[in-house]
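As the structure is a computational prediction, the values presented were derived from the model and not from experiment.
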Amino acid sequence: MTLRIVRYAAAALALAFAAAAAAQNLGDAARGTRAFQACAACHSLEPGRNMTGPSLAGVWGRKAGSLESFGRYSEALRKSGIVWNERALDAWIANPEKAVPGNFMSFAGLPDARARADLVAFLRAASEGKAPAPRSAALPDLKKAPAEATVTAMRHCGDSYFVTTGSGATLPFWEFNLRFKTDSSPNGPAPGKPVLVGQGMQGDRAQVVFSAPEEISSFIRKGC
């Protein structure tokens with residue numbers, strides 16, 4: 001009888017420890033809202049708004065690599081068979097490369113277990129409509145760019161580009177310091193009206209954003 005009591009007591013103690021550990025592992029969605037700010041530079045929680053990474057709206061219970069509106073998944077993630085639940089998200093956030101070797105996510109991982117639990121709790125609550133999803137910072141509306149940023153002509157000579165803006169100024173750039181980009185989103189430039197956007201603190205680097213890739217070569221003329 002004494003041995004049986006001891007066994008029951010040991011089992012009850014083990015259950016109590018397990019319950020305490022589980023309670024510690026339960027994340028706090030409110031704290032997770034703050035933790036999500038580390039993700040917001042690359043992911044939105046708005047349906048259909050993909051950024052560097054896919055939208056995380058409705059991510060809970062979704063198969064990894066399956067969001068149809070996002071076309072930049074790695075084959076490793078597409079073929080992983082992962083379904084985003086608590087365990088899978090925790091492992092992914094802790095170390096994406098270890099969770100799915102060969103994936104494209106450039107993130108070293110979040111080592112703090114409590115912060116991960118909070119973030120996972122928030123992602124679940126946001127997916128289930130139980131927590132307000134913060135809106136990601138909107139990109140500037142390039143259709144409303146001022147004249148000094150609107151590009152009216154571009155000329156290439158030797159190792160230089162000369163960019164003329166709507167204000168009449170012509171700015172010289174070393175060709176390696178000028179990047180060409182496209183933005184086909186609603187906030188992108190109007191067709192045929194690329195926009196000059198500064199890049200870097202020295203002022204000698206910039207990017208010209210076009211509405212479509214076919215505009216790039218047709219817009220630039222050769223001439224010294």
Side-chain angles (χ1 to χ4, degrees), residues 33 36-59 62 65-75 77-78 96 103-107 123 126 132-224:
T33 305
F36 181 76
Q37 296 310 308
C39 312
C42 296
H43 296 276
S44 85
L45 281 166
E46 300 165 47
R49 187 185 175 196
N50 299 314
M51 299 168 66
T52 302
S55 167
L56 298 181
V59 69
R62 189 164 75 205
S66 68
L67 186 63
E68 291 185 2
S69 64
F70 186 80
R72 299 187 295 278
Y73 289 115
S74 64
E75 282 301 304
L77 191 61
R78 289 184 188 275
N103 78 84
F104 292 156
M105 184 165 169
S106 300
F107 178 61
L123 289 173
R135 294 184 66 85
S136 302
L139 294 174
D141 188 346
L142 298 184
K143 291 183 177 66
K144 298 178 180 179
E148 58 267 24
T150 302
V151 178
T152 58
M154 288 184 63
R155 176 170 57 88
H156 181 255
C157 175
D159 65 353
S160 303
Y161 283 105
F162 297 87
V163 180
T164 302
T165 69
S167 64
T170 296
L171 308 173
F173 293 93
W174 178 36
E175 61 183 355
F176 193 78
N177 284 352
L178 190 64
R179 298 182 178 183
F180 302 134
K181 296 184 176 182
T182 58
D183 185 353
S184 59
S185 76
N187 284 340
K193 296 183 178 180
V195 174
L196 184 69
V197 180
Q199 178 177 312
M201 297 182 64
Q202 296 182 6
D204 60 350
R205 292 167 173 80
Q207 49 205 358
V208 180
V209 185
F210 295 83
S211 66
E214 57 268 20
E215 291 184 9
I216 298 174
S217 59
S218 62
F219 201 89
I220 302 169
R221 67 178 181 87
K222 296 286 290 185
C224 294

Do [X] and [Y] have side chains that get closer than 4.5 Å, going by heavy atoms?
X: Val163; Y: Phe173; result: yes
X: Asn50; Y: Leu67; result: yes
X: Phe219; Y: Val208; result: no
X: Pro194; Y: Pro189; result: no

Going from [atom1] on [X] to [atom2] on [Y], what distance comes out if it is rounded to the nearest 0.5 angstrom?
X: Leu142; Y: Ser185; atom1: CG; atom2: OG; value: 7.5 Å
X: Ser55; Y: Leu45; atom1: OG; atom2: CG; value: 6.5 Å
X: Leu178; Y: Met154; atom1: CG; atom2: CE; value: 5.0 Å
X: Gln199; Y: Asn177; atom1: CD; atom2: CG; value: 9.0 Å
X: Cys224; Y: Phe162; atom1: SG; atom2: CZ; value: 7.5 Å
X: Ser160; Y: Leu171; atom1: OG; atom2: CG; value: 12.5 Å

For [X] and [Y], which heavy atoms make the closest approach, and how far apart are they?
X: Met51; Y: His43; value: SD-C, 3.8 Å
X: Ser44; Y: Arg49; value: OG-O, 2.6 Å
X: Phe104; Y: Ser74; value: CE1-CA, 3.5 Å

> Can you list every side-chain hydrogen bond (donor to acceptor under 3.5 Å, both in side chains) pair that touches residues 144-153, not counting sequence neighbours?
Replying inline: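 side-chain hydrogen bond (donor to acceptor under 3.5 Å, both in side chains) check on residues 144-153 returns no pairs.
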
Indicate yes or no for a side-chain donor-acceptor contact from [X] to the backbone of [Y] under 3.5 Å, with no hydrogens or angles considered.
X: Arg62; Y: Ala57; value: yes
X: Asp183; Y: Val209; value: no
X: Lys222; Y: Arg155; value: no

> Among all residues two or more places apart in sequence or in another chain, which pass the disulfide (SG to SG under 2.5 Å) test with Cys42?
Replying inline: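 Not a single residue meets the disulfide (SG to SG under 2.5 Å) criterion with Cys42.
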
> Taking the six-membered ring for Trp, are Tyr73 and Phe70 parallel (under 30°), tilted (30 to 60°) or perpendicular (over 60°)?
Replying inline: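 Aromatic pair Tyr73/Phe70 classed perpendicular.
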
> Can you list the steps and then say if Leu123 with Phe36 is a side-chain contact (heavy atoms from CB on, under 4.5 Å)?
Replying inline: CA-CA 8 Å; Leu123 289 173; Phe36 181 76; 4.2 Å; yes

>> Which residues pass the ring pair (Phe, Tyr, Trp, His ring centres under 6.0 Å) test with Tyr161, not counting sequence neighbours?
In response: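 Result, ring pair (Phe, Tyr, Trp, His ring centres under 6.0 Å) vs Tyr161: His156, Phe180.
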
>> If you count heavy atoms of other groups shown closer than 6.0 angstrom to CZ of Arg78, is the number above 12?
In response: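 Result for CZ/Arg78: enclosed.
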
